[in-house]
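Have a look at the structure below, then the notes.
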2 protein chains.
Amino acid sequence: MSPTGSRVRDAAIELFAERGFHGTGIRDLAERAGLSSATLYHYMGTKEDLLVSIMTTSLGRLLTAGERLTADGDPLARITALVELHVLTHAVRRLETRVVDDEMRSLSPDHRATVVALRDRYEHLWQDAIDTGCATGAFHVRAPRVARLALLEMCGGIARWYTPDGPIPLEQLALRYAEMALGVLGAAGPPPELAVDSVRRTMALVDEIWLPD
Amino acid sequence: MSPTGSRVRDAAIELFAERGFHGTGIRDLAERAGLSSATLYHYMGTKEDLLVSIMTTSLGRLLTAGERLTADGDPLARITALVELHVLTHAVRRLETRVVDDEMRSLSPDHRATVVALRDRYEHLWQDAIDTGCATGAFHVRAPRVARLALLEMCGGIARWYTPDGPIPLEQLALRYAEMALGVLGAAGPPPELAVDSVRRTMALVDEIWLPD
DNA sequence: GGTTCCCGATCGATCGATCGATCGGGCATG
DNA sequence: CATGCCCGATCGATCGATCGATCGGGAACC
């Protein structure tokens, strides 16, 4: 994407996250990007196209990363990696993940269907790890589907309050969330040094997939 | 409130939850309430006044209920009751709790300060129960503040997907969330019959505080 | 001289909010 | 009981502002 195109996208992510899609005007977008409102349309389609593009690329990266992290490993390792991935991305890409999570309702039906399909594929990675863990006896959950929804909300919620200035380093935060998630699933955690290894591996993947832009 | 005033408020809750505050027009509101857009202003102040009123009454009820449920009891009983309360209200009053949780950003600074103050008082009930439980050894959490945030997001998230038609009765759902919350806190759960008693008591309080309208 | 980039001007539509006017039912006065 | 008045409730019309989007043309670069 052209440098100006990226500026437009970044401005949109900031404003959509801050004020919401309907709360952001074309002129706000243009001002933030340092362009006239007319020039904006040289770099984007409609305002909704811009939203859809932000959501699909963000969700697409999350899905790619999730698939790589769950390609092998036992259920405990897989769910741990997914929790770390979800927490880390929602922290380091706080604004765009908020847009993805909060602006689904602003999409027209067909666009929404596309985005929901992506989200469902991602959430299936979680459900599969949880169900397998329940079957092997690694997890003890009475309602696996509810557990998936609860975990996703819990981990994604970090985007609503995280700031890099907080007292707890991000790596520690991811460890805490992994511990809490295993508590939700009624599972015993791995030895601490293995947990740290897992977080470092996940952080490296997040850097690899999210940094090149 | 007058019957028509209630109709206006109900319409606003539905539309704000469905389309967002900025996504809802005065004329949408009027149509849903069965009035002209002019008549709307006989029953409300500005559109934002309507939003503030919805948020403060909803949060006020939650705070009242939370204070009553945590007036006595050990930390485990208190956090269990808070989880049940949060889950039950976010399920039975799904729309208005979504408005409270999602539309904070649509408020002007002074109105937001009012609502945030209410929310902070409510969340302090959670933090106090968690901290006390950590001090007495009932809970085992490395980062109590993070645990509070994680629990609140996990429990409130039910408003994003709950429907009464689901396969799991609401009472069971509350029990599952209480179990998961104790897992997050590293606490042993109470015997099943005590847990059921707690949920029934919380459901009765929710009915008492939320039904009279 | 075509292509890319950019903008001032402007479009019709819709926004939140207000206007003056009307209707009808209670209520005090005679 | 009848009359005249008041007022809550309601509406159609309309306000100025802003919305998302488009146009034709200028400037810069290859």
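Residue numbers begin at 1 in each chain, while the letters A, B, ... track the order of the sequences.
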Hey, which of these two, B/L35 or A/T24, hits DNA chain D nearer its 5' end, going by closest nucleotide?
->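 Comparing both residues, the 5'-ward one is B/L35.
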
Look at atom CD of B/E31 and say whether more than 12 heavy atoms of other residues, nucleotides or ligands are closer to it than 6.0 Å.
->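 Counting neighbours around CD of B/E31, 12 or fewer heavy atoms of other residues, nucleotides or ligands fall under 6.0 Å, so no.
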
Passes side chain to side chain contact (heavy atoms under 4.5 Å, CB included), A/L151 versus A/Y177? Steps please.
-> CA-CA 10 Å; A/L151 283 181; A/Y177 268 87; over 6 Å; no

Given side chain to side chain contact (heavy atoms under 4.5 Å, CB included), test A/R19 with B/R105 step by step and report yes or no.
-> CA-CA 6 Å; A/R19 314 177 186 175; B/R105 64 177 170 201; 5.7 Å; no

Please give, in whole Å, the distance from C/dG8 P to A/H42 NE2?
->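 Checked: the NE2 to P distance equals 16 Å.
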
5' precedence on DNA chain C between A/S36 and B/T46 (nearest-nucleotide basis) |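 Nearer the 5' end of the strand: A/S36.
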
Is C/dA17 paired to anything, Watson-Crick or G-U wobble with both distances less than 3.5 Å, and if yes, which nucleotide?
->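 Check on C/dA17: paired to D/dT14, both distances under 3.5 Å.
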
Could you tell me which nucleotide pairs with D/dA2 by Watson-Crick or G-U wobble geometry, both distances under 3.5 Å, or answer none if nothing does?
->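 Its partner is C/dT29.
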
B/S2 near the nucleic acid: base, sugar-phosphate alone, or nothing, with a heavy-atom cut-off under 4.0 Å?
->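 The residue B/S2 makes no contact with any strand.
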
Side chain to side chain contact (heavy atoms under 4.5 Å, CB included) evaluation trace for A/Y41 with A/I26 | CA-CA 10 Å; A/Y41 284 89; A/I26 289 291; 3.2 Å; yes

Within the 6.0 Å centroid threshold, strictly below: A/H86 and A/Y122 |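 Judged by ring-centre distance (under 6.0 Å), A/H86 and A/Y122 do meet the cut-off.
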
Polar atom pairs (N or O), protein with nucleotides 18-22 of chain C, under 3.5 Å:
none

Main-chain N/O of A/Q127 paired with A/R148 side-chain donor or acceptor, under 3.5 Å =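 Looks like no, no N/O pair under 3.5 Å.
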
